[in-house]
Amino acid sequence: MALVINNENGRLQHRRGTIGRDLAGIAVMAVIAAIGYFAFPDNLALLTRMITIALLVLSLDLVTGYCGVATLGHAALFGSGAYAAGILSAHYGINDPLLMMLAGITGGAVAGLLCGAIILRAHGLPQLVLSIALINLFHEFANKASSWTGGSDGLSGIAPDPVFGLFEFDLYGHTAFFFGMALLLIVFVLLRFLVRSPFGMLCRAIKQDPLRVRAMGASPKAALIRMYGISGAVAGVGGALNAISTQVVGLDSLSFTQSAEALVMLVLGGTGSLFGALSGTVIFMLFEDYVSAANPFHWLTMVGALLIAVVLFAPKGLYGTAAAFIGRRTEQRS
């Protein structure tokens, strides 16, 4: 009886500690957003762009970090959400930001299910080849369907209404920034519940040993396709936010470069960690913005040097390595 009580108390303490760390992490996110707002009052577009890419990297972390699926075509989900929201506004005159966001979520989820069903038919390097083929197909389809997407000229005519009829999207980007930050916090909290749910634990188990999961009676492929759909919905939020904030959707949202940079940001922060995905995005985009302004001719060299240093000396990513170091110090003290 005492053993049962001790185990229950241990679980409660662990749960409280986990909730405490989550709340602290969310508070840090809010503080960083506030610092960014006051530090870059004339460059809120950069911060909003950072939020949209953070949502893309979070969605990539779900399938790569938590499920172990290799992909270099995740921008297909992001671009599908952006075009879905943009088409709803430009062609159908539905300009409510929440309805546009719903369209983006739907477009991203459908693209995620489609890409997942195709990519998951292979493993390892063939998965990468399929993902690259898919992003090129999505890009070419958007280019050819110019009557709907605007082709190489981009989709314009997007005019979102004020949020809740009160907050207009001004030229300074205040509304877009706060709207994006609210979306990011909501998505982040939902994903924290997801990755700790039985479904999230199942996906982690599939990454480690899919044969054992199959032997236990679960279907790895069905679970991974579901996660791909969820990942697409998250990427669709980022795509729709990008369409709403910039009021234009270009083919670059479906580019291979976008996918590759998202993977770089994820590796930089640390895979299999939502905080790692966020930290990698912030560090990469701020570093890229700073060095490109300081040295426009050699900034790619500096970015490459940073990535090489991280891979060699912090293979778990900057956040992952820091978290592991703090964890070891805590164990040594206890």
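Surrounding NZ of K316 are at most 12 heavy atoms belonging to other residues, nucleotides or ligands under 6.0 Å away. Other residues, nucleotides and ligands contribute only 12 or fewer heavy atoms inside 6.0 Å of the CG atom of L125. More than 12 heavy-atom neighbours from other residues, nucleotides or ligands sit within 6.0 angstrom of NZ on K221.
Taking the side chain as every heavy atom from C-beta outward, Y228 and C67 never approach each other to under 4.5 Å. In this structure the side chain of L278 reaches within 4.5 angstrom of the side chain of L184, judged on heavy atoms. A 4.5 Å side-chain heavy-atom check between V311 and I308 finds every atom pair outside the cut-off. By the 4.5 Å heavy-atom criterion applied to side chains, L47 and I51 are not counted as neighbours. Two residues are said to be in side-chain contact when any heavy atoms from C-beta on lie closer than 4.5 Å; L98 and L102 fail this criterion. L77 has its side chain out of reach of S59: every pair of non-hydrogen atoms, C-beta onward, lies at least 4.5 Å apart. Annotation: side chain of H74 is not in contact with side chain of V57 (no heavy-atom distance under 4.5 Å). Counting heavy atoms from C-beta on, the side chains of V303 and F284 come closer than 4.5 Å.
Rounded to the nearest 0.5 angstrom, F141 CZ and L254 CG are separated by 10.5 Å. Summarising the geometry, atom CG belonging to L130 is positioned 13.5 Å from atom CD1 belonging to I135; distances are rounded to the nearest 0.5 Å. The CD atom of E261 lies 7.5 Å from the OG atom of S255; values are rounded to the nearest 0.5 Å. Taken to the nearest 0.5 Å, the OG atom of S245 stands 12.5 Å off from the CZ atom of F177. Distance check: I118 CD1 to L134 CG gives 5.0 Å after rounding to the nearest 0.5 Å. If you take CG on L114 and CD1 on I225, they are separated by 10.5 Å, rounding to the nearest 0.5 Å.
Formation of a donor-acceptor pair under 3.5 Å by the S253 side chain with backbone atoms of G79 is not found in this model. Under the 3.5 Å distance criterion, the side-chain polar atoms of T281 are left unmatched by any main-chain donor or acceptor of M265. Checked by atom type and distance alone, the side chain of T64 never pairs as donor or acceptor with a backbone atom of A70 at under 3.5 Å. With hydrogens and angles disregarded, no donor-acceptor distance shorter than 3.5 Å links the side chain of N143 to the backbone of G151. Put simply, the side chain of S80 never gets that close to the backbone of G107: no donor and acceptor are under 3.5 Å apart. A donor-acceptor pair under 3.5 Å links the side-chain atoms of S89 to the main chain of A159, judged by distance alone. Between the side chain of Q127 and the backbone N or O of A122 there is at least one donor-acceptor pair closer than 3.5 Å. Between the T149 side chain and the A142 main chain, a donor and an acceptor come within less than 3.5 Å of each other. No donor-acceptor distance shorter than 3.5 angstrom exists from the side chain of T271 to the backbone of G65, with no hydrogens or angles considered.
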For the pair F275 and F188, evaluate ring-ring contact (aromatic ring centres under 6.0 Å, His included) and give the outcome as yes or no after the intermediate values. CA-CA 9 Å; F275 285 114; F188 184 83; 4.9 Å; yes
Step-by-step side-chain contact (heavy atoms from CB on, under 4.5 Å) determination, I26 to L185: CA-CA 7 Å; I26 293 172; L185 290 174; 4.1 Å; yes
In sequence, state the C-alpha distance, the side-chain angles, and the governing distance for L263 and T71, and then conclude on side-chain contact (heavy atoms from CB on, under 4.5 Å). CA-CA 9 Å; L263 183 59; T71 175; over 6 Å; no
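When all heavy atoms of F138 and A111 are compared, the closest pair comes out as CE2-CB, 4.1 Å. Here the closest non-hydrogen pair linking M101 and I244 is CE-CD1, 4.0 Å. Considering all non-hydrogen atoms of both residues, S131 and L128 come closest at OG-O, 2.7 Å. The two residues C203 and M227 make their nearest non-hydrogen contact at SG-CE, 3.7 Å. Taking every heavy atom of both residues into account, A103 and A84 meet most closely at O-CB, 3.4 Å. Of all heavy-atom pairs between S231 and L60, the closest is OG-N, 4.2 Å.
Under the 4.5 Å side-chain heavy-atom criterion for grouping Ile, Leu, Val, Met, Phe, Trp and Tyr, V249 is connected to Y92 within one hydrophobic cluster. In terms of hydrophobic clustering, with Ile, Leu, Val, Met, Phe, Trp and Tyr side chains grouped at heavy-atom distances under 4.5 Å, L183 and V163 are assigned to a common cluster. Both I53 and L300 sit in one connected hydrophobic cluster of ILVMFWY residues. Membership requires side-chain heavy atoms under 4.5 Å apart, directly or through other members. Tracing side-chain contacts under 4.5 Å through hydrophobic residues (I, L, V, M, F, W, Y), one reaches Y290 starting from F287; they form part of the same cluster. Taken together through direct or relayed side-chain contacts under 4.5 Å among Ile, Leu, Val, Met, Phe, Trp and Tyr, V110 and F78 form parts of separate hydrophobic clusters.
Between W148 and H91, the ring planes are tilted. Angles from 30° to 60° get that label.
With respect to R49, the side-chain hydrogen bond (donor to acceptor under 3.5 Å, both in side chains) criterion is satisfied by exactly one of D289, T246, N242: N242.
The six-membered or imidazole ring of F199 lies away from that of Y66, with a centre-to-centre distance of 6.0 Å or more.
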